[in-house]
Amino acid sequence: MEQNADLTRLPPRVLEAEASAPELAAVRQQARAQRDAAVRGVTSVAAMRSAIQQATAALPLISSVPRYRHLDAAQFRALAAQGQPFLLTELVGRWPLSQLDMTVLRQQYGQMPVRARVGDYINTAFAPDRAMQDMSMGAYLDLIAAGNYELPPYLGNLELRELNRLCHWPTYFDKMGPPRFWIGPAGTITPLHADYDDNIFAQIWGRKRIMLAPPHHEAYLYVKPANEILIGSPVDAEAPDYQRYPLAQQASLIECIVEAGQLLYIPAGWYHQVHALDFSLSANRWARAMPLVLSQDDRGVRA
């Protein structure tokens, strides 16, 4: 097992004492909300969320995600301004990282430090102190190969610069956050949630099933904010428990299988649940600006 990774390169984790101090958490959350609003150029994130829900409520519901081969930046922005998700099928497959495999991941990047989500990371997905384990990439691959788990450990939301050097991100947004990587075997799951930023999600290896629901169906999803930008839902979009969550019967849940080499645009506010069907390597980037659905009509939220 590989044990020599420089784990000090990983970002600091939330301390249990900090996570359990409600006064400190409230102050930090308020400060974060102010920063988030300033970055996106809006009066408040809450107002932006409401504006997105109003904008999407006027759109027709879709039963499947449209697919396009390729879009330039102007075409992408015009289509994204309509406020609905779509797939691009001929972009990610050209990236150098798409040409590699798990053997290369172990041989060339085995010492890379990573942080794995372990234990029941589905039901604790939006908790600040959920279980994590720091290790090397090689140690993670060994852990997966051993198979001694009920829910497979998951490398999620990691900034892996070594791998990003092999990606060629399109310049669809004026401002983007750093790329985030998601690695794990079949069975890894990110539960239903909404990010209130536009998102481009690149499926590099393997396949993932992504269930989608529009922002204005939030009222049917029993949501609970993790923060103003991230809203979680306890509803399993693949197998909803309508006895426990009866309102979920009114939510429009759309299945999208994202194949290797494809890129999915997830507009700000759209709920999505992600389930790996194979060993998968994915990456995404969130915009850091006014969501494109509000680009022509900001509904009074522009700061």
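What you see below is based on every heavy atom in this structure, not just the backbone, and it leaves out hydrogens, waters and symmetry mates. Please read all numbers here as calculations on a predicted model, not as lab measurements.
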Flag if over 12 foreign heavy atoms under 6.0 Å of CD, Gln250: yes
Heavy-atom side-chain contact between Ile257 and Leu277 under 4.5 Å: yes
Donor-acceptor contact below 3.5 Å, side chain Thr124 vs main chain Asp120: yes
ring-ring contact (aromatic ring centres under 6.0 Å, His included) pairs, two or more places apart, involving residues 229-258: Tyr222-Tyr245
Distance, nearest 0.5 Å, that separates CD1 of Ile229 from CG of Asp36: 4.5 Å
In one Ile/Leu/Val/Met/Phe/Trp/Tyr side-chain cluster, 4.5 Å: Leu192, Ile52: yes
Criterion side-chain contact (heavy atoms from CB on, under 4.5 Å) on Thr190 and Tyr154, from CA distance to verdict: CA-CA 9 Å; Thr190 300; Tyr154 192 17; 3.6 Å; yes
Neighbour count >12 (heavy atoms, 6.0 Å) for atom CD, Gln249: yes
Closest non-hydrogen atom pair between Val45 and Ala37, with its separation: CG2-N, 3.8 Å
CZ (Arg244) with more than 12 external heavy atoms under 6.0 Å: no
Sidechain N-carboxylate O distance under 4.0 Å for Arg106, Asp142: yes
Tyr196 six-ring centre to Arg49 NZ/CZ under 6.0 Å and within 45° of normal: yes
Distance, nearest 0.5 Å, that separates OG of Ser136 from CD of Gln111: 5.5 Å
Non-hydrogen atoms of Pro215 and Tyr271 that approach each other most closely: O-CE1, 4.4 Å
Steps toward side-chain contact (heavy atoms from CB on, under 4.5 Å) verdict (Leu88, His70): CA-CA 6 Å; Leu88 299 181; His70 176 74; over 6 Å; no
Closest contact, heavy atoms only, Ala116 versus Met135: CB-CE, 4.0 Å
Backbone of Ile189 reached by a side-chain donor or acceptor of Lys208 within 3.5 Å: no
4.5 Å side-chain heavy-atom contact, Phe126 and Leu230: yes
Shared hydrophobic cluster, Tyr140 / Leu97 (ILVMFWY, side-chain heavy atoms < 4.5 Å): yes
Distance (rounded to the nearest 0.5 Å) between Asn164 CG and Arg180 CZ: 11.0 Å
Phe181 side chain near Asn284 side chain, heavy-atom distance below 4.5 Å: no
Asp195 side chain near His272 side chain, heavy-atom distance below 4.5 Å: yes
From CA spacing to verdict: side-chain contact (heavy atoms from CB on, under 4.5 Å), Trp205, Ser280: CA-CA 5 Å; Trp205 303 345; Ser280 291; 5.8 Å; no
Close side-chain approach of Phe279 and Ile183, heavy atoms under 4.5 Å: yes
same_hphob_cluster(Leu87, Phe201) at 4.5 Å side-chain heavy-atom cutoff: yes
N/O donor-acceptor pair under 3.5 Å between Gln203 side chain and Gly206 backbone: yes
Flag, side chain of Asp101 to backbone of Thr103, donor-acceptor distance under 3.5 Å: yes
Aromatic ring proximity, centroids under 6.0 angstrom, Phe86 and Phe76: yes
Over all atoms of both residues, closest heavy-atom pair of Ala73 and Thr171: CB-O, 3.8 Å
Donor-acceptor contact present, side-chain Arg130 to main-chain Ala125, <3.5 Å: yes
Same cluster (ILVMFWY, side-chain, under 4.5 Å), Ile254 and Val293: no
Distance-minimising heavy-atom pair for Arg288 and Met176: CG-C, 4.2 Å
Within-4.5 Å side-chain heavy-atom neighbours: Ile144 and Pro153: yes
His168 to Pro96 - nearest heavy-atom pair and separation: CE1-CD, 3.6 Å
Arg40/Asp197 under salt bridge (Lys or Arg N to Asp or Glu O under 4.0 Å): CA gap, chis, key distance, verdict: CA-CA 9 Å; Arg40 291 155 185 85; Asp197 281 313; 2.7 Å; yes
Test item: Arg77 side-chain N/O and Tyr172 main-chain N/O as donor-acceptor pair under 3.5 Å: yes
Main-chain N/O of Pro267 paired with Asp198 side-chain donor or acceptor, under 3.5 Å: no
Interatomic spacing from CE in Met137 to OH in Tyr109 - rounded to 0.5 Å: 10.0 Å
Set of ring pair (Phe, Tyr, Trp, His ring centres under 6.0 Å) partners for His216, sequence neighbours left out: none
Verify same cluster id: Leu105, Ile204 (apolar side-chain graph, 4.5 Å): yes
Spacing of CD belonging to Glu218 relative to CD1 belonging to Ile231, to within rounding of 0.5 Å: 6.0 Å
Any side-chain heavy-atom pair of Tyr265 and Pro66 under 4.5 Å: no
Distance, nearest 0.5 Å, that separates CD of Gln34 from CD of Gln30: 5.0 Å
Between Gln262 and Thr89: side-chain donor-acceptor atoms closer than 3.5 Å: no
Trace of the side-chain contact (heavy atoms from CB on, under 4.5 Å) decision for Leu160 with Met112: CA-CA 8 Å; Leu160 304 178; Met112 183 168 60; 4.1 Å; yes
Min side-chain heavy-atom separation Gln84-Thr56 under 4.5 Å: no
Cation-pi geometry met for Arg285 and Trp169 (6.0 Å, 45°): yes
Qualifying side-chain hydrogen bond (donor to acceptor under 3.5 Å, both in side chains) pairs with a residue from residues 224-240, counting only residues at least two apart or across chains: Arg209-Glu238, Asp236-Gln273, Glu238-Gln273, Glu238-His275
